[in-house]
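Just so we're clear, the structure is a prediction, and the values are computed from it rather than from any experiment. Numbers for residues simply follow the sequence, beginning at 1.
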Amino acid sequence: MFDMLIRNANLPDGRQGIDIAIKNGKIIELARSIQAQAGTEIDAKGYLVSPPFVDSHFHMDAALSLGQPRLNQSGTLLEGIELWGELKPHLTVESIKQRALEMCRWSIARGTLFIRSHVDICDDRLLAVEALLAVKEEMKPYIDLQLVAFPQDGFFRYSRSQDNLLRALDKGVDVVGGIPHFERTMDEGTRSVRVLCEIAERRGLQVDMHCDESDDPLSRHIETLTSETRRLGLEGRVTGSHLTSMHSMDNYYVSKLLPLMRESNIHVIANPLINITLQGRHDSYPKRRGMTRVPELLNAGINVAFGHDCVMDPWYSMGTHDMLEVANMGLHVAQMTSVKGMQQAFDAVTYNGAKAMGLKGYGLEPGCNADLVILQAANPIEAIQLKANRLFVIKKGELIARSSVQEHYLKLSDGEEQQVSFSKGLF
């Protein structure tokens with residue numbers, strides 16, 4: 001007797017007609033026609049069953065703050081930072097928490113159950129840290145929220161960053177963050193990478209740095225991050241987020257950089273929606289796309305994930321925390337329109353993000369946590385094409401969200417109705 005049985009599921013790896021047996025919050029068995037009963041049975045009807053979506057780069061403390069105190073007129077990263085600085089003195093724990101909880105509800109409905117959120121520590125009150133630690137605990141039954149101590153105003157550029165960052169880590173923040181390209185000089189940026197990696201090494205923590213979020217091809221802090229990872233033995237625990245300067249670097253330098261990154265087992269997180277919006281703002285024509293070199297990184301054997309980054313905040317005025325929208329934009333910007341490329345885009349918002357976050361028990365194998373999403377699509381590519389409806393969202397074997405199958409009808413000239421199906425299952 002199982003707690004839950006999901007029958008007739010398609011899996012992301014191409015297996016079809018699979019039953020998934022769940023007990024005590026774990027996947028126990030995957031096979032065709034499991035002869036057993038369960039307290040809850042769901043007929044997937046040949047739709048895709050996937051592990052939940054993973055947003056490995058987000059800013060929950062700023063989410064849904066659009067228009068406070070004003071809108072970003074230039075659309076630039078720097079005006080967004082300026083706007084956030086204007087809002088910070090007016091923040092309260094309750095206001096941050098209220099917005100974050102609403103954001104979590106959006107995330108659950110869209111099957112995004114794992115989020116790494118950077119939290120600004122350049123506020124001596126650490127209000128955002130306090131608020132998001134409370135949200136992390138409150139949402140634990142539904143969402144795994146991993147927090148990054150992020151010195152938004154610069155680790156050295158803001159005089160109290162080091163003290164605030166250490167206090168945030170002492171309070172329970174999970175990951176060490178940084179923003180070396182925003183320091184006053186290249187040298188200070190390099191030094192910030194070194195010091196922050198040393199803090200992570202001493203505390204046994206992961207590192208995730210906003211690194212080279214710039215159109216400047218000479219912004220090369222990823223090289224330092226790679227070197228420090230090797231020096232301190234942090235392989236597999238370090239992530240370079242954004243890396244948009246790689247878009248503008250010359251090919252020879254990148255050909256040197258990619259093997260070094262692979263050697264250090266660096267993770268990379270691109271943020272397609274935001275990278276294509278904020279970058280290239282100083283270009284006339286041709287305009288750079290700005291997103292890092294995703295296909296080249298993947299071909300070099302480097303783990304690349306996609307993040308949503310922002311939802312309705314000083315940097316981005318849109319978004320609903322739909323990771324299929326992120327995957328869709330990512331494959332467009334990176335021209336990953338081959339069958340392999342589209343599958344990689346789906347992996348970038350699922351398995352690759354889980355790997356970057358160091359998640360345990362993530363996946364679709366016996367022994368994995370029973371965290372699942374049933375999508376109204378036949379396979380991962382179709383899910384991206386259609387931005388598929390999330391039919392069921394399951395956390396640790398418990399159904400936490402559901403929606404109806406979307407049906408579409410045409411009214412014909414003779415008055416009859418004909419159903420239109422967008423599900424083709426071509427790939």
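A donor atom on one side chain and an acceptor atom on the other are not found under 3.5 Å apart for Ser403 and Arg390. No hydrogens or angles considered: nothing links the side chains of Arg99 and Gln68 as a donor-acceptor pair under 3.5 Å. A donor-acceptor pair shorter than 3.5 Å cannot be found between the side chains of Lys396 and Asn369. A donor-acceptor pair shorter than 3.5 Å can be found between the side chains of Asp215 and Gln279. No hydrogens or angles considered: a donor-acceptor pair under 3.5 Å links the side chains of His242 and Asn275. No side-chain donor from either of Asn8 and Arg32 sits under 3.5 Å from a side-chain acceptor of the other. In summary, the side chains of Asp208 and Thr239 do not present any donor paired with an acceptor at a separation below 3.5 Å, with no hydrogens or angles considered. For the residue pair Asp120 / Trp84, a side-chain donor-acceptor distance below 3.5 Å is found, with atom types taken as modelled.
Side-chain contact between Leu273 and Tyr316: present, with at least one pair of heavy atoms (C-beta onward) separated by less than 4.5 Å. A heavy-atom distance below 4.5 Å is not found between the side chains of Glu398 and Asp3. With a 4.5 Å cut-off on side-chain heavy atoms, Met103 and Leu101 do not count as touching. In this structure, the side chains of Ile108 and Ile143 come closer than 4.5 Å at one or more pairs of heavy atoms. Using a 4.5 Å heavy-atom threshold, the side chains of Arg191 and Leu196 count as separate. In this structure the side chain of Asp61 never reaches within 4.5 angstrom of the side chain of Lys88, judged on heavy atoms.
Within the cation-pi definition used here (under 6.0 Å to the ring centroid, within 45° of the axis), Arg184 does not qualify as a partner of Phe156. Taking the ring axis of Tyr253 as reference, the NZ or CZ atom of Lys256 does not stay both within 45° of it and closer than 6.0 Å to the ring centre.
Atom-to-atom distance recorded for Ser245:OG and His221:NE2 is 8.5 Å, nearest 0.5 angstrom. The OH atom of Tyr142 sits 12.0 Å away from atom CG of Leu113, with the distance rounded to the nearest 0.5 Å. Here Ser214 contributes atom OG and His282 contributes atom NE2; the two are 9.0 Å apart, rounded to the nearest 0.5 Å. The CZ atom of Phe114 lies 3.5 Å from the NZ atom of Lys395; values are rounded to the nearest 0.5 Å. Taken from CG in Asn164 to CG in Asp123, the straight-line distance is 8.0 Å, to the nearest 0.5 Å. Distance check, rounded to the nearest 0.5 Å: CG of Asn72 to CG of Leu78 gives 10.0 Å.
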Start with the C-alpha gap between Arg288 and Asp283, add the side-chain angles, then the distance that decides, and say whether salt bridge (charged side-chain N to carboxylate O under 4.0 Å, His left out) holds.
CA-CA 7 Å; Arg288 287 169 284 185; Asp283 293 353; 2.7 Å; yes
Between Arg262 and Asn303, is the side-chain hydrogen bond (donor to acceptor under 3.5 Å, both in side chains) condition met? List the steps.
CA-CA 9 Å; Arg262 176 67 186 91; Asn303 181 52; over 6 Å; no
Could you go step by step and tell me if Ile374 and Ile42 meet the side chain to side chain contact (heavy atoms under 4.5 Å, CB included) rule?
CA-CA 10 Å; Ile374 303 178; Ile42 297 173; 3.9 Å; yes
Salt bridge (charged side-chain N to carboxylate O under 4.0 Å, His left out) between Lys136 and Asp174: does it pass, once the steps are laid out?
CA-CA 11 Å; Lys136 177 180 178 179; Asp174 308 282; 2.9 Å; yes
ring-ring contact (aromatic ring centres under 6.0 Å, His included) assessment of Tyr362 paired with Tyr351:
CA-CA 8 Å; Tyr362 180 92; Tyr351 291 99; 5.7 Å; yes
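Checked against His57 for a side chain to side chain contact (heavy atoms under 4.5 Å, CB included), the options Ile274, Ile269, Val326 give a single hit: Ile269. None of Asp322, Ile115, Leu375 except one satisfies the side chain to side chain contact (heavy atoms under 4.5 Å, CB included) rule with Phe53; the exception is Leu375.
In this structure, Phe182 has its ring center at least 6.0 angstrom away from the ring center of His210.
The two atoms that bring Phe150 and Gly178 nearest to each other are CE1-O, 3.6 Å, heavy atoms only. Contact detail for Leu372 and Ile6: the closest heavy-atom pair is CD1-CD1, 3.4 Å. Looking at every heavy atom in both residues, Pro52 comes nearest to Val373 through CA-CG2, 3.7 Å. Between Ala383 and Leu324 the shortest heavy-atom distance is O-CD1, 3.5 Å. The two residues Glu138 and Pro141 come nearest to each other via the heavy atoms O-CD, 3.5 Å. Met186 and Asp216 make their closest contact through CE-OD2, 4.1 Å (heavy atoms, listed as atom of the first residue, atom of the second, distance).
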List the atom pairs, with distances to 0.1 Å, where a side-chain N or O of residues 230-237 and a protein N or O form a donor-acceptor pair under 3.5 Å, not counting sequence neighbours.
{"unit_1": "Arg231", "atom_1": "NE", "unit_2": "Glu228", "atom_2": "OE1", "d": "2.9"}
{"unit_1": "Arg231", "atom_1": "NE", "unit_2": "Glu228", "atom_2": "OE2", "d": "3.4"}
{"unit_1": "Arg231", "atom_1": "NH2", "unit_2": "Glu198", "atom_2": "OE2", "d": "2.9"}
{"unit_1": "Arg231", "atom_1": "NH2", "unit_2": "Glu228", "atom_2": "OE1", "d": "2.6"}
{"unit_1": "Arg237", "atom_1": "NE", "unit_2": "Leu205", "atom_2": "O", "d": "3.4"}
{"unit_1": "Arg237", "atom_1": "NH2", "unit_2": "Leu205", "atom_2": "O", "d": "3.0"}

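Evaluation of the side-chain contact (heavy atoms from CB on, under 4.5 Å) rule for Thr337 yields Leu331 as partners, not counting sequence neighbours.
At most 12 heavy atoms of other shown residues, nucleotides or ligands fall within 6.0 angstrom of atom NZ in Lys45. Counting heavy atoms of neighbouring residues, nucleotides and ligands inside a 6.0 Å radius, atom CZ of Arg402 does not exceed 12 of them. Within 6.0 Å of the CD atom in Gln98, the count of heavy atoms belonging to other residues, nucleotides or ligands does not exceed 12. Dense packing is recorded around CD of Glu79, with more than 12 heavy atoms of other residues, nucleotides or ligands lying under 6.0 Å away.
Remark: side-chain polar atoms of Thr292 are paired, donor with acceptor, to backbone N or O of Leu243 under 3.5 angstrom. In this structure, the side chain of His308 engages the main chain of Cys310 through a donor-acceptor pair within 3.5 Å. The closest donor-acceptor contact from the side chain of Gln406 to the backbone of Ser404 lies at 3.5 Å or more, if one exists at all. Between the side chain of Ser227 and the backbone N or O of Glu223, no donor-acceptor pair lies under 3.5 Å. Judged purely by atom type and a 3.5 angstrom limit, Asn328 has no side-chain atom pairing as donor or acceptor with the backbone of Gly330. At distances below 3.5 Å, not a single donor-acceptor pair connects side-chain atoms of Ser192 with backbone N or O atoms of Phe155. Looking at Glu183, its side chain does come within 3.5 Å of a backbone N or O of Arg157 through a donor-acceptor pair.
A salt bridge is absent between Glu325 and Lys387; no separation between the charged side-chain nitrogens and carboxylate oxygens falls under 4.0 Å. In summary, Arg110 and Asp55 do not engage in a salt bridge, as defined by a charged side-chain N under 4.0 Å from a carboxylate O. A salt bridge links Arg7 with Asp19: at least one charged nitrogen is closer than 4.0 Å to a carboxylate oxygen.
Using the six-membered ring where Trp is involved, Phe58 and His321 have ring planes that are parallel, under 30° apart on the 30 and 60° scheme.
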